[in-house]
Amino acid sequence: MASDFRQEFIRFAVNQKVLCFGEFKTKAGRLSPYFFNAGLFHDGAALKQLAQFYAKAILASGIRFDLLFGPAYKGIPLAAAVAIALADAGRNTGYSFNRKEAKDHGEGGSVIGAPLAGRVLIIDDVISAGTSVRESVNLIRSSNAVPCGVAIALDRMERGAGALSAAQEVKQSYNIPVISIATLDDLVGYLGTDPALAPDLAAVGRYREQYGVATHV
């Protein structure tokens with residue numbers, strides 16, 4: 001099945017200790033039974049595998065795109081690595097990224113890499129407050145290019161301040177899809193494969209009842 005990579009990704013994240021179970025306080029002050037820190041994919045082998053999972057999710061989505069864009073700072077290595085993984089999969093595409101502050105010397109400007117043009121797919125680790133996505137969308141549009149979607153590692157499918165999740169808010173605000181390698185559904189599926197993980201599965205279920213959102217907007 002084409003979706004098998006999603007379960008493989010969850011197992012990979014657990015083995016890398018990027019996805020952990022226990023009790024963790026989120027930025028919103030919630031006590032979450034799991035924690036996902038994409039910054040811990042911090043060696044060459046892990047980044048290579050992560051990028052391959054992004055490439056599989058992007059290609060499986062069927063989304064049309066001409067360019068990858070990585071928002072500073074976390075999106076920069078991700079966009080570069082995903083461009084390599086897509087090229088290995090037979091889909092060569094340009095990529096670019098932004099500086100936090102524009103330069104007025106050398107090549108100048110705030111964007112480095114391929115010119116922003118056509119349909120641009122944003123590559124990031126997660127969507128939390130959506131600030132990075134908003135800045136990226138504005139930058140892409142100001143270059144007369146078209147933001148066509150956002151690709152992230154994990155969609156927590158969790159309410160923000162309102163009734164929608166951060167991913168759903170992006171879809172509603174900008175009318176672009178959010179592609180994730182895996183979602184909370186996949187995490188729950190993984191936890192259901194091993195009886196030893198039953199306490200974690202129950203804790204995630206309770207958390208989801210309290211803070212989860214519907215699958216669709």
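It should be emphasised that the depicted structure is a prediction, and the values quoted were computed from it without experimental measurement.
From I127, atom CD1 reaches atom OG of S132 across 8.5 Å, with rounding to the nearest 0.5 Å. Between I152 atom CD1 and S180 atom OG the span is 5.5 Å, to the nearest 0.5 Å. F97 contributes atom CZ, which lies 9.5 Å from atom CZ of F69 (distance to the nearest 0.5 angstrom). A distance of 11.5 Å separates CD in Q168 from OG in S173, rounded to the nearest 0.5 Å. One finds the OH atom of Y34 at 6.5 Å from the OH atom of Y207 (value rounded to the nearest 0.5 Å). A distance of 11.0 Å separates CZ of R159 from OG of S165, quoted to the nearest 0.5 Å.
Looking at heavy atoms from C-beta onward, D155 lies out of side-chain contact with V126 at the 4.5 angstrom threshold. Considering only heavy atoms from C-beta on, L184 stays 4.5 Å or farther from L154 through its side chain. At a threshold of 4.5 Å between non-hydrogen side-chain atoms, the residues P71 and N98 count as touching. Using a 4.5 Å heavy-atom cutoff, the side chains of S96 and L67 are in contact. A heavy-atom distance below 4.5 Å is found between the side chains of L187 and L19. Within the 4.5 Å cutoff, the side chain of I76 has no heavy atoms near those of the I112 side chain. Two residues are said to be in side-chain contact when any heavy atoms from C-beta on lie closer than 4.5 Å; V213 and E158 fail this criterion. Looking only at side-chain heavy atoms (C-beta outward), I123 and I58 come within less than 4.5 Å of each other.
Both L59 and I179 sit in one connected hydrophobic cluster of ILVMFWY residues. Membership requires side-chain heavy atoms under 4.5 Å apart, directly or through other members. Criterion: ILVMFWY side-chain heavy atoms under 4.5 Å apart, direct or through other members. Under it, I84 and L68 are not part of a common hydrophobic cluster. No path of Ile, Leu, Val, Met, Phe, Trp and Tyr side chains, each step under 4.5 Å between heavy atoms, connects I181 with F35, placing them in separate hydrophobic clusters. Grouping the Ile, Leu, Val, Met, Phe, Trp and Tyr side chains by contacts below 4.5 angstrom, directly or via other members, places Y211 apart from V204. Hydrophobic clustering of Ile, Leu, Val, Met, Phe, Trp and Tyr side chains at less than 4.5 Å, counting indirect connections, unites F36 with F21.
In this structure, R6 is not positioned above the aromatic face of Y190 in the sense of NZ or CZ being under 6.0 Å from the six-membered ring centre and within 45° of the axis. By the 6.0 Å and 45° rule, R30 does not stack over the aromatic ring of F24.
The shortest heavy-atom contact between A117 and D66 is O-CB, 4.3 Å. In this structure, S32 and T26 approach most closely via the heavy-atom pair CB-CG2, 3.7 Å. Smallest separation of non-hydrogen atoms from D124 and L78: C-CD1, 3.7 Å. Looking at every heavy atom in both residues, F65 comes nearest to R91 through O-NH2, 2.5 Å. Among all heavy-atom pairs drawn from Y174 and R141, the shortest one is O-NH2, 3.9 Å. Nearest heavy atom pair, residue A153 against residue Y54, reads N-OH, 3.3 Å.
Between the side chain of S61 and the backbone N or O of I63 there is at least one donor-acceptor pair closer than 3.5 Å. Checked by atom type and distance alone, the side chain of Q16 never pairs as donor or acceptor with a backbone atom of A46 at under 3.5 Å. At distances below 3.5 Å, not a single donor-acceptor pair connects side-chain atoms of R119 with backbone N or O atoms of V146.
The residue from P177, P147, C148 that alone fulfils the side-chain contact (heavy atoms from CB on, under 4.5 Å) condition with L121 is C148.
With respect to R208 and D185, a salt bridge is recorded, a charged nitrogen being found less than 4.0 Å from a carboxylate O. Salt bridge present: D125 and K74 bring a charged side-chain N and a carboxylate O closer than 4.0 Å.
For Q52, there are no side chain to side chain donor-acceptor pair (under 3.5 Å) partners at least two apart in sequence or on another chain.
For N175, the CG atom counts as loosely surrounded, since its 6.0 Å shell holds 12 or fewer non-hydrogen atoms of other residues, nucleotides or ligands.
Using a 30° and 60° split on the angle between ring planes, F12 and F9 fall in the tilted class, from 30° to 60°.
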Inset, instruction - Check the pair D200, L197 against side-chain contact (heavy atoms from CB on, under 4.5 Å), reporting the backbone distance first and the verdict last. - result: CA-CA 5 Å; D200 295 316; L197 299 174; 3.9 Å; yes
Legend entry - Audit row: L164, Q172, side-chain contact (heavy atoms from CB on, under 4.5 Å) steps and yes/no: CA-CA 9 Å; L164 301 180; Q172 188 178 77; 3.5 Å; yes
